[in-house]
Amino acid sequence: MDIKTILMIIVSMVFINNFILSKFLGLCPFLGVSRNIKPALSMGLAVIFVMTLSSIITWLVYRFLLLPLNITYLRTIVFILVIATFVQFVEMFILKKSPALYRTLGIYLPLITTNCAVLGVTVLNINNFFVNNKPVEFSFIYSIIQGFFAGIGFTLALLLMSGIRERLLLNDTPACFRDLPIAFIVASLMSLGFMGFSGFNF
Amino acid sequence: MEDNLLVSFWPHIQMKDSISKIMWTVFMCLVPAGIAGVYFFGLHSLLLIFISIITAVLTEGSIQLIRKNKITIYDGTAALTGLLLAYNLPPTVPFWIPIIGSFFAIAIAKQAFGGLGRNIFNPALSARVFLLLSWPTYMTAFVKPFGSADTISSATPLSILKEGEKTLSDIGLTYMDLFLGRRAGCIGEVAVFLLLLGALVLLFLKIITLHIPLSFIFVLAIFSWIFDKQGLFKGDVLFSIMSGGVILGAFFMATDYVTSPLTKKGKVVFGIGCGLLTFIIRRFAGYPEGVSFSILIMNAFSPLIDRIFKPPVYGKK
Amino acid sequence: MVKNNLWQEFSKGLFKENPIFYIVLGLCPTLAITTSIENALGMSGAVIFVLTFSNVVISAIRKFVPEKIRIPCFIVIIASFVTITELLMQGYFPILVKHLGIFLPLIVVNCIIMGRAEAFAKNNKIIPSLLDGLGMGMGFSLAIILIAGIREFLGTGKILGRIVFRCFSPSFVFVLPPGALLTLGILIALFTRIKKR
């Protein structure tokens with residue numbers, strides 16, 4: 001296994017191709033849940049969790065179900081169903097095992113089903129780590145790492161945004177820029193900063 | 001006194017001086033480095049500085065006029081933003097570059113947030129990165145000092161270093177050259193000696209503190225020394241500090257009251273972050289210099305840092 | 001009177017309830033693929049197709065689907081239409097599919113489509129749902145073509161691949177991610193201001 005490849009995946013997912021600031025995946029929860037820090041953190045944790053496990057499950061489904069049956073064109077339908085079912089199970093499990101955890105994470109779980117970042121990372125895993133319908137070496141591990149760190153990148157952007165928006169709340173922002181437009185401009189300036197990592201190479 | 005009342009929310013620092021007095025002091029402390037830049041790179045740079053300042057002030061004034069706010073263009077904040085932006089430009093860019101840059105700095109990075117004291121990101125740096133990504137060819141075309149604008153183009157010491165494993169003497173420069181500013185670079189960043197002199201005055205007047213600049217430079221130096229391209233512990237510390245925009249960035253831009261953390265601990269964390277990110281971008285990313293990017297990224301972190309290191313509540317221990 | 005109502009179902013999506021500028025839904029494809037008008041047109045076609053047909057089908061089966069499992073049912077319907085679109089476009093516009101990349105399958109999770117299913121199609125008859133889908137789809141298209149036009153012109157100096165002004169030095173940042181966020185932020189601010197008047 002190649003340390004360099006892993007490091008590149010990490011830097012790429014967290015900074016260069018940050019899901020929110022560069023790929024625009026998961027913008028709806030990003031704007032919806034970034035008004036305060038605490039819910040943002042919970043949402044972030046829930047996304048990391050779901051993204052990592054979805055990466056694992058969809059990889060297995062793709063490799064051992066869709067490929068042998070030669071129905072890879074059903075990828076989109078199957079993945080979204082798998083993710084939706086899986087999230088449902090997680091929700092039920094958490095509700096039973098830990099009501100406290102449910103109160104912090106639970107309400108965000110249904111939202112995640114339609115979060116394009118989750119479906120996005122699973123599709124990206126398949127695109128990146130399968131060549132001509134054959135998994136590349138260590139494809140499974142790379143997929144898990146990509147899923148986990150895409151979640152980390154998402155959470156990082158979400159946390160930064162929520163910190164900034166809490167401060168903006170106290171501001172006299174011009175009326176037409178209030179709330180969403182200024183959030184986009186903040187995201188744009190954050191994205192400008194993150195562009196500094198482009199061309200990253202060890 | 002009246003100017004004091006205008007800053008309604010941020011910064012919360014107890015200040016004897018008015019905002020305008022502080023801003024003009026910082027402005028004056030930066031002037032010598034600019035004069036040196038004009039001396040090295042010619043009259044074109046002087047015009048760039050003027051255009052940048054005038055555009056910034058005009059943009060600020062007209063937006064305040066449209067929003068029917070009090071006109072505060074004499075307090076020096078817009079002029080300072082214009083000056084800092086010009087200092088971050090290569091000396092040969094066309095005249096429309098500072099116009100667009102200053103407009104972006106004031107209109108988008110400052111006034112869209114509500115004006116003075118409300119911006120999250122440093123306006124001058126936001127504009128510089130915006131320009132760098134928009135017109136990379138203009139924004140990375142540097143010249144040697146004392147050459148006419150069209151003839152002698154040259155890379156900055158940092159970008160020469162980026163391209164191959166070279167040392168200072170390979171580039172044909174000495175530490176003294178770097179210290180005095182006899183090298184290719186942005187208008188206001190080259191004259192390290194004069195920048196340090198200006199920073200000393202600001203430190204003496206207690207307008208800035210050492211927390212951010214020191215941790216910024218220290219971390220950058222340590223990491224550049226240890227993880228050099230040519231092997232562990234082989235980096236050139238003085239070169240890494242004096243060859244880019246670090247001195248200008250660390251003392252004059254990272255220390256901006258509005259966009260940096262409030263507490264001492266927060267400031268140190270902010271500085272460490274800047275230093276680390278600058279090192280990572282210089283060493284591994286595509287750009288030769290990372291000061292602007294890293295300060296911009298740390299600006300985004302600063303509300304979170306403030307939340308972690310809360311300023312003590314007045315009257316409590 | 002009835003005709004008037006139907007026209008309203010169609011036209012509300014165009015401006016008054018424009019999904020992107022006023023409801024701010026379905027942003028992921030909006031920003032990612034709006035680097036050129038051509039991409040935006042391709043994405044528009046796909047979204048109008050999926051949105052209209054899924055609205056119609058969901059409206060048609062609204063009385064048979066139990067409330068509790070409606071969401072998975074809707075997702076399957078939407079995903080089926082997305083897959084059909086994917087296959088059709090791969091057949092006819094292979095280059096466009098390459099440009100749109102992962103954002104074509106991601107139409108499934110585009111909030112507009114699920115949003116219209118939940119907010120409109122599951123409570124309304126087929127014809128209004130059809131018009132609602134068409135109208136919202138057109139509104140979405142107008143918005144992303146506008147954004148793509150601005151970004152393509154400012155970022156490359158071209159419109160539909162043709163150079164407009166020779167002396168114009170394009171601002172490359174507008175075809176990069178920060179430019180997308182900036183354009184959308186300013187446009188939403190602008191539209192908010194227009195609506196207030």
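Not measured: the values here are computed from a predicted model.
Side chains of A:Leu189 and B:Val129 form no contact here, defined as non-hydrogen atoms less than 4.5 Å apart. Proximity of A:Ile185 to B:Phe121: side-chain heavy atoms (C-beta onward) are nowhere separated by under 4.5 Å. A 4.5 Å side-chain heavy-atom check between B:Pro303 and A:Glu166 finds every atom pair outside the cut-off.
Take A:Leu65 and apply the side chain to side chain contact (heavy atoms under 4.5 Å, CB included) test, not counting sequence neighbours, and it matches A:Val61, A:Leu69. Applying the side-chain hydrogen bond (donor to acceptor under 3.5 Å, both in side chains) rule to A:Ser139 yields the partners A:Trp59; only residues at least two apart in sequence or on another chain are considered.
Rounded to the nearest 0.5 Å, atoms OH (B:Tyr287) and CZ (A:Phe197) are 12.5 Å apart. Rounding to the nearest 0.5 Å places CZ of B:Arg128 at 12.0 Å from CG of A:Leu192. To the nearest 0.5 angstrom, B:Phe301 atom CZ is 9.5 Å from A:Ile164 atom CD1. Atoms CG and CZ, on B:Asp306 and A:Arg167 in that order, are 5.0 Å from each other to the nearest 0.5 Å. Interatomic distance, CE of A:Met161 versus CD1 of B:Ile120, reported as 10.0 Å (0.5 Å rounding). Once rounded to the nearest 0.5 Å, the distance linking OG1 of A:Thr173 with CZ of B:Arg118 reads 8.0 Å.
Within residues 175-184 of chain A, the residues that have a heavy atom under 4.5 Å from a heavy atom of chain B are A:Phe177, A:Ile182, listed by number. Within residues 274-281 of chain B, the residues having any heavy atom less than 4.5 Å from a heavy atom of chain A are, in residue-number order, B:Leu277, B:Ile280, B:Ile281.
Residue A:Val11 does not touch chain B at all, counting heavy-atom pairs closer than 4.5 Å. If you measure heavy-atom distances from B:Gln111 to chain A, the contacts under 4.5 Å come from the backbone alone. Proximity to chain B (any heavy atom under 4.5 Å) is restricted, for A:Leu168, to the side chain, taken from C-beta onward. Contact annotation for A:Leu159: both backbone and side-chain heavy atoms come within less than 4.5 Å of a heavy atom of chain B.
Each of B:Ile305, B:Leu296, B:Ile295 has some count of heavy-atom pairs under 4.5 Å with chain A, and the biggest count is that of B:Leu296. Options B:Leu133, B:Ile108, B:Ile297 differ in how many heavy-atom pairs under 4.5 Å they form with chain A, and the most are formed by B:Ile297. The most heavy-atom pairs under 4.5 Å with chain B, out of A:Gly196, A:Ser162, A:Gly163, A:Ser188, come from A:Gly196.
More than 12 heavy atoms of other residues, nucleotides or ligands lie within 6.0 Å of CZ in A:Phe86, so this atom counts as buried by the packing criterion.
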